[in-house]
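Quick notes on the structure that follows.
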Amino acid sequence: MHPATARRAVAALVTSKIREIANAGLDAGDVLAFWFGEPDEVTPAFIREAAAAALAAGETFYTHNLGLAALREAIAAYLSRLHRPTDTGEIAVTASGMSALAIAFQALVDPGNRVVAVTPVWPNLVEIPKILSAQVEPVALRFGPGGWTLDLDRLLDALTPATQVLVINSPNNPTGWTATPDEQRAIFERCHRYGIWIVADDVYERLYYRGDARCAPSFLDFAPADARIVSTNSFSKAWLMTGFRLGWIAAPPTLVPELATLIEYNTSCSPVFVQRAGVAAIEGGEATVAATRARFRHARDRLVGALGALPDVAVALPPGAMYAFFRVRGVADSLAFCRELVLRERLGLAPGSAFGPDGEGFVRWCFAASDERLDEGAARLAQHLRSREAR
């Protein structure tokens, strides 16, 4: 008898602990949910209207695997404004940032390959290579009074000639850690020396709060177009378009034809009306991005201030992304803590263990929310910590 089960690499995948907490709270009622990485605002009208106009015009057919020429041109021009000059031949449009990551790894990773990942990190970045039967080695960030930092020497030591891919998410989900230009150059030089591909998840690059910078530091600021760098990105966060499922890849032009083939065998193409919305977002959305960044900076400061006032919480101001990733004294099982929190206080947060073993003992709070929701959530957490202390 042959069991009707998936192959071993798939059966061994870690299921979402965030979803586990969300499912536990679905029937609780009156839950203040901050567990998912999603802004709480609806997509701006001008973006929705572009999608609606395309539908009204009957744009419901297949299109090029790599995306509409207009969208690829808009993305290339956008990246040229933010980083180095970028050509349309370096761009592939994908059906979400998640799809961009999956396709990038499919293009680069063989079974048994060694993949190094900076952690804690959104689980998709370490689980997707495992689907392809790669071996993933984490290099953990460190948490201290000044926040999350990278042990650069440790990472460089992990980047050996046997490494196929380095995956790095900066600004980072869940910690908000953001690589400095000097760190990026040192990482690039090591990877370039050994022929290691860099898969850079840049989805949060516009949600960066240091000074007046328009975006976070990027490998695309200095690396040439033919370098072994694949940058994945998404419209979801900065343009408030999570439900549109639209992303892109910037890659060496020699790799892009293979990406087109993989897109054909994954999703064929992204919907035309969704891509029209993407063009509208890129071409007319800088005010939206600026307002989103300003709103999230305010929310970050407000929430971190409230968390920092709690005696059992250790938290630092994240320089990027849209999460506070904080430690609660005495919490060794973050999944159990978050389950108790949602059942007792109707407060939905994400357990740090959802982001790998290096996140255990921490809790993630998505601060892309209104002042009222953040204040009420902080009050519920404070109440829970008081009741926990009394027990």
Side-chain angles (χ1 to χ4, degrees), residues 16 19 36-81 86-107 124 128 131 201-206 230-251 253 255-289 291-292 368:
S16 172
R19 179 62 65 178
F36 296 137
E38 184 171 45
D40 67 344
E41 292 180 288
V42 69
T43 305
F46 76 96
I47 298 174
R48 289 182 279 129
E49 288 163 2
L55 282 171
E59 291 193 306
T60 59
F61 299 96
Y62 292 132
T63 188
H64 197 290
N65 296 131
L66 290 173
L68 294 174
L71 180 54
R72 295 177 70 204
E73 290 165 3
I75 293 170
Y78 167 80
L79 292 178
S80 297
R81 292 192 297 271
T86 303
D87 186 79
T88 306
E90 300 170 49
I91 304 300
V93 174
T94 60
S96 75
M98 291 185 186
S99 180
L101 286 164
I103 288 165
F105 283 116
Q106 288 172 27
N124 296 46
I128 292 172
I131 294 174
D201 179 0
D202 291 329
V203 65
Y204 297 102
E205 69 170 352
R206 300 305 303 275
V230 174
S231 167
T232 66
N233 217 313
S234 170
F235 287 83
S236 290
K237 313 299 183 179
W239 290 279
L240 312 175
M241 293 173 65
T242 52
F244 282 75
R245 316 313 301 136
L246 186 64
W248 75 81
I249 299 171
L255 184 65
V256 171
E258 280 69 39
L259 298 180
T261 302
L262 288 168
I263 291 170
E264 168 63 27
Y265 294 133
N266 277 268
T267 57
S268 180
C269 59
S270 298
V272 175
F273 59 92
V274 172
Q275 294 189 60
R276 296 294 185 199
V279 173
I282 288 277
E283 293 185 345
E286 277 304 301
T288 295
V289 173
T292 298

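- With contacts defined as side-chain heavy-atom distances shorter than 4.5 Å, the pair T60/L55 qualifies.
- For S270 (side chain) and T94 (main-chain N/O), a donor-acceptor pair under 3.5 Å exists by modelled atom type.
- Heavy-atom minimum distance, P39 versus A368: CA-CB, 3.7 Å.
- To the nearest 0.5 angstrom, W239 atom CH2 is 8.5 Å from S234 atom OG.
- In this structure, the side chain of Q275 does not engage the main chain of G67 through any donor-acceptor pair within 3.5 Å.
- Under a 3.5 Å cut-off, the side chain of R48 and the backbone N or O of T43 do form a donor-acceptor pair.
- Inter-residue side-chain proximity for I249 and V230 is flagged as met; some heavy-atom pair is nearer than 4.5 Å.
- The structure places CD1 of I263 at 6.5 Å from OG1 of T267, a figure rounded to the nearest 0.5 Å.
- Between the S96 side chain and the G247 main chain, no donor and acceptor come within less than 3.5 Å of each other.
- Nearest heavy-atom pair, L71 versus G278, reported as atom, atom and distance to 0.1 Å: CD1-C, 3.7 Å.
- Side-chain contact between L79 and E90 is absent, with no heavy-atom pair separated by less than 4.5 Å.
- Residues V93 and L68 fail the side-chain proximity criterion, which asks for heavy atoms closer than 4.5 Å.
- With hydrogens and angles disregarded, no donor-acceptor distance shorter than 3.5 Å links the side chain of R276 to the backbone of A50.
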- prompt: Do R206 and E286 pass the salt bridge (Lys or Arg N to Asp or Glu O under 4.0 Å) test, and can you show the C-alpha distance, the side-chain angles, and the key distance before you say yes or no?
  reply: CA-CA 10 Å; R206 300 305 303 275; E286 277 304 301; 2.9 Å; yes
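- When all heavy atoms of S268 and N65 are compared, the closest pair comes out as O-ND2, 2.6 Å.
- When all heavy atoms of L259 and A251 are compared, the pair lying nearest together is CD1-CB, 3.9 Å.
- No side-chain heavy atom of V274 sits under 4.5 Å from any side-chain heavy atom of R245.
- Using a 4.5 Å heavy-atom cutoff, the side chains of I128 and M98 are not in contact.
- Atom CG of L240 and atom CG of D40 lie 9.0 Å apart (nearest 0.5 Å).
- A distance of 11.5 Å separates CD of E41 from OG1 of T242, quoted to the nearest 0.5 Å.
- A238 and T292 make their closest contact through O-OG1, 3.5 Å (heavy atoms, listed as atom of the first residue, atom of the second, distance).
- In this structure the side chain of I282 reaches within 4.5 angstrom of the side chain of F235, judged on heavy atoms.
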